[in-house]
**Student:** 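Provided herewith is a single structure, encoded as structure tokens, for subsequent inquiry.
The first residue of the sequence shown is numbered 1, and numbering continues consecutively from there. Both ligands and their constituent atoms are indexed starting at 1 by order of listing.
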Amino acid sequence: MPIDATAPYDDQNIFAKILRGEIPNKTVYEDEYALAFHDINPQAPHHILVIPKGAYVSWDDFSANAPETEIAGFIRAVGKVAREAGLVEPGYRLLANVGMDAHQEVPHLHVHIFAGRKLGPMLAQD
Ligand code: AMP
């Protein structure tokens, strides 16, 4: 079910549980600001999720409320994950769903990294 991106942070969400080590994940990268792991239901040959360590519901929450150090650390981590996976050439796509219309399902900010095939048009047609 898509979530309301303006709701308060729910610390029982699945990515909060992954950050606390209560649920396993296939970690790709971890540092002070971010954790990256393989998506459980990959939509491309490479499908990695990068999440901030802090408790932010969405990109909207994060961009409005996170301190500069966390924003810089997270964005650098997203770039580093893609670079270290060798995705810069031939290319990759970033996606962050925010709220109902975008079909955000997990209420902890996550950036999807897709790569490994031609990714087609930016949005699916209705
Ligand atoms: P979104 O629709 O942008 O909220 O995407 C949520 C993503 O989280 C989907 O691509 C799911 O396949 C993925 N996902 C859900 N649970 C897990 C999990 N336990 N480990 C890895 N990925 C997950």
**Student:** I'd like the atom pairs linking ligand 1 to the protein - N or O on both sides, separation under 3.5 Å - with distances to 0.1 Å.
**Tutor:**
residue	atom	partner	partner atom	Å
ligand 1	2 (O)	His103	O	3.0
ligand 1	3 (O)	Asn97	ND2	2.8
ligand 1	3 (O)	His110	NE2	2.9
ligand 1	3 (O)	His112	NE2	2.8
ligand 1	4 (O)	Glu105	N	2.6
ligand 1	4 (O)	Val106	N	3.2
ligand 1	4 (O)	His110	NE2	2.8
ligand 1	5 (O)	His110	NE2	3.2
ligand 1	5 (O)	His112	NE2	3.3
ligand 1	10 (O)	Asp39	OD1	3.3
ligand 1	10 (O)	Asp39	OD2	2.5
ligand 1	12 (O)	Asp39	OD1	2.6
ligand 1	22 (N)	Ile40	N	3.1

**Student:** Would you say the ring centers of His47 and His112 fall short of 6.0 Å from each other?
**Tutor:** yes

**Student:** Do the ring centers of His108 and His110 come within less than 6.0 Å of each other?
**Tutor:** no

**Student:** Between Tyr92 and Phe114, is the ring centre distance below 6.0 Å?
**Tutor:** no

**Student:** Evaluate the side-chain hydrogen bond (donor to acceptor under 3.5 Å, both in side chains) criterion for residues Ser58 and Asp60: first the C-alpha distance (whole Å), next the side-chain angles of each, then the deciding distance (0.1 Å), finally the verdict.
**Tutor:** CA-CA 5 Å; Ser58 68; Asp60 181 62; 4.8 Å; no

**Student:** Are Phe15 and Tyr56 close enough that their ring centers fall under 6.0 Å?
**Tutor:** no

**Student:** Run the salt bridge (Lys or Arg N to Asp or Glu O under 4.0 Å) test against Arg117 and tell me which residues pass, sequence neighbours left out.
**Tutor:** none

